[in-house]
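Report on the following structure.
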2 protein chains.
Amino acid sequence: MQGLTWWLCNFRVCEVLFFENQKDRRVLVTLTNNTLPTLEDVARVARVSTATVSRCLNRPGQVSDSTRDRVMRAVEELGYTPNFGARALAAKRTFTIGAITPTMENAIFARGLQAFQETLNEAGYTLLVSSTGYDPQREAEQIRNLVARGADGLLLIGYERDPDIYAFLEARKVPYLLSWAHRPEEKHPAVGFNNCKSMTELTKAVLAEGHREIGIISAQMEGNDRATDRVKGIRVGLHEAGLDPQRAPLVETPYSVENGANAFEEIMRSAPQTTAVMCVNDVLAVGAMNRAHDMGLDVPLDVSITGFDDIELAKLVKPKLTTVHVPHRLMGSLAAQQLMRFVEKTEAPQIRNLASIVEKRETLAKPRKNVDIDLVLR
Amino acid sequence: MQGLTWWLCNFRVCEVLFFENQKDRRVLVTLTNNTLPTLEDVARVARVSTATVSRCLNRPGQVSDSTRDRVMRAVEELGYTPNFGARALAAKRTFTIGAITPTMENAIFARGLQAFQETLNEAGYTLLVSSTGYDPQREAEQIRNLVARGADGLLLIGYERDPDIYAFLEARKVPYLLSWAHRPEEKHPAVGFNNCKSMTELTKAVLAEGHREIGIISAQMEGNDRATDRVKGIRVGLHEAGLDPQRAPLVETPYSVENGANAFEEIMRSAPQTTAVMCVNDVLAVGAMNRAHDMGLDVPLDVSITGFDDIELAKLVKPKLTTVHVPHRLMGSLAAQQLMRFVEKTEAPQIRNLASIVEKRETLAKPRKNVDIDLVLR
DNA sequence: GGCGGAACTGTAAGCGCTTACATTTACCGA
DNA sequence: TCGGTAAATGTAAGCGCTTACAGTTCCGCC
């Protein structure tokens, strides 16, 4: 029987004859090159035109009950699945939304995207995700790729990208929405939060504890407006407090725990008087905490450390990380709603600025006076 | 000028006349419904047939230099991007690989997939990812979806799924590869590791420390062969050591830190004599560690805890988590290679079993004798 | 019985691309 | 100069689907 099944794979059911007597049901078969069954095959089996089959699948209400039954049975029989490309070609609509993220390895994006996808799925859309590895070149490719694939709309992370890309999207009239960032001065449709302002809030909290010597660890700022704005936010905070932002040591390094650790050591060696190190995200901050521990520095007694994003990890490390909480799931799901509305009504979505809040936890405290940091550094 | 550009969007360049004198270059334009430019538009502008344009794009060697220049200039001029659906329809080939994961929020899958994608990209393939939320129903949908989208091949996680799905893939002759698991007795093409055996190894290490009262925290095992096999691995280890596997308390709970914590408490309350808790993944283990701490239990003095996967977090928590290291990136990239070979030669890939190794770190130690655990539990 | 209109179904023209095959052009040696 | 071959290009037939439009069927009612 196994053999027969296999053998039948090389045929295609061509016609099914139904008799009153259910037991006398014959199947006509033709030899084919064994490709997927098509609408036409279904039509043939159901003894209707391809148009009717198509209607059955897309607007079942327009078809009579008996016909629909017959067609559905044929669909079942053949295991028919519509060819997506052909459908998109003919209907000029794909019910697909594309999202392009810098990386999938970052919990931040993963969480927001998950929510984005869930909201999309509920409304019958499919999400296509691709990642760029923080490479603008690759981002441009992926955007073209998703547009070529017929994405009805696009979700992009952040503002900063070649104007040509925006021109391309504009010219093609592809609805797009930016996320994970919100800049009041920009006019692109966006659902995000104000990275700069959020960081200024956190900086105020740090300053309120009495810190005056603050170090900064950032992800690479080139082409990454989230990092840029967060650093800017710190500087604004310092400036407003009457401090010179340019004095604060800054280390830029790719996003990883290990790099955060190294950056921390670099700062503490070059500016031993530092009592607080602010990181533009939690992962770097956790790296900094680790290294602090290895160097024999107590957090927060010797040095306070802060992060940004409030990933799950922030609450798991000890001491618990002070950071900025961002409503990722809300953002994802709101973005999905706005983008779908945009796609369907060709009506620009409203720009949304979501609130973020400072999560003051254990890694931030008043600085211990007169630490002989040089001792620690051998 | 801005206005002009916008206005021009509603037209389509129809013909470009080149004169010797570069400055005298005129553009003929027609009013269109402002859709994407097509192959035909390019052909018209370049004054060649659509076949030639197609060849230019796909097999440039077959076209003379001068023609190719002209065509490429037209492509540039119009900002032409081939329509993916149409291309797939005509060529019956998409250079797209689909991957279906239970979730994107899990670092485990993210890391392996990233490597998978990188290897694919190098070879000119595009990866389409979609996630199921551990729902078999949704997985079936997504598989059909990706097949309908013309995926040349599919990457699936684990073995356990409705036989109908395998039948579907078999009948459609869609190359697929399983990953994140390897069962010697199964014949499906797979690149993964032996979850059961790996866990037995770890169990031996736990037993070697002198533990005899072992609790188990698992993700939900229904439809999840990774979890099933890991639990089985523990039981095999216990059995081989002459212990009764059925006596070990087991709590099944969805994958999350909080759930791990609750499960840990449940075990310790119902079986206070437990000296080691083995979790089927690191996230559950970290939750268990947290709750242990909250309950005033010292890890590993009062209770040892182990995980599985060796996610980044494992090295970041304190004490560091004893776990099983899995070569996720290697697995992803190997899977990509195998799958591409499968797709291209229609030749079944070899089944690969990757080595995993026990990472003995700080959460596993000899049990402290005679702990009065009841005291701790109020 | 016949008529009007609603409900259903069929016909066929594409959607944008690839490619087998036909045709043209270029180039070579006799 | 001319035939012959190879290289370049054009022609046109689909790929599998949707949908405008046309045709058919079926009612209810005069």
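Chain letters run A, B, ... following the sequence lines, proteins first, then strands; residues in each count from 1.
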Can you figure out which of dG16(C), dA20(C), dG14(C) approaches the side chain of Arg55(B) most closely?
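My answer, after comparing the listed nucleotides, is dA20(C).
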With respect to the side chain of Thr50(B), which nucleotide from dA12(C), dT18(D), dA12(D) is positioned closest?
dA12(D)
Could you check whether [X] gets within reach of a base, just the sugar-phosphate, or nothing at all, counting any heavy atom under 4.0 Å?
X	value
Phe84(A)	nothing
Arg59(B)	sugar-phosphate
Ala91(B)	sugar-phosphate
Ser64(B)	sugar-phosphate

Can you measure [X] atom [atom1] to [N] atom [atom2] for me and round it to whole angstrom units?
X	N	atom1	atom2	value
Leu89(B)	dC17(C)	CG	C1'	8 Å
Leu57(B)	dT19(C)	CG	C1'	15 Å
Arg172(A)	dG16(C)	CZ	P	13 Å
Asp65(A)	dA7(C)	CG	P	14 Å
Glu40(A)	dT11(C)	CD	P	12 Å
Gln62(B)	dT24(C)	CD	P	20 Å
Arg87(A)	dG16(C)	CZ	P	18 Å
Phe95(A)	dT18(D)	CZ	P	12 Å

Side-chain N,O ([X]) to OP1/OP2 ([N]) below 4.0 Å:
X	N	answer
Lys92(B)	dG16(D)	yes
Ser54(B)	dT18(C)	yes
Asn83(B)	dC15(C)	no
Thr52(B)	dT9(D)	no
Ser49(B)	dG10(D)	yes

Start at the 5' end of DNA chain D and walk down; is the nucleotide closest to Ala51(B) or to Ala86(B) reached first?
Ala51(B)
Side-chain H-bond candidate by donor/acceptor type, Arg138(B) with Ser130(B), under 3.5 Å:
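There is no such pair (donor and acceptor under 3.5 Å, judged by atom type) between the side chains of Arg138(B) and Ser130(B).
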Measure up the Trp180(B) and Phe109(B) rings against each other and bin them: parallel (under 30°), tilted (30 to 60°), perpendicular (over 60°).
tilted
Look at the aromatic rings of Tyr166(B) and Tyr176(B) and report parallel, tilted or perpendicular, splitting at 30° and 60°.
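Plane angle between 30° and 60°, so tilted.
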Just by distance, do the side chain of Asp152(B) and the backbone of Thr94(B) share a donor-acceptor pair under 3.5 Å?
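The answer is yes, because a donor-acceptor pair under 3.5 Å joins these two groups.
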On the six-membered ring of Phe95(B), is Arg93(B) placed so that its NZ or CZ lies under 6.0 angstrom from the centre and within 45° of the ring axis?
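Output yes; distance and angle both within limits.
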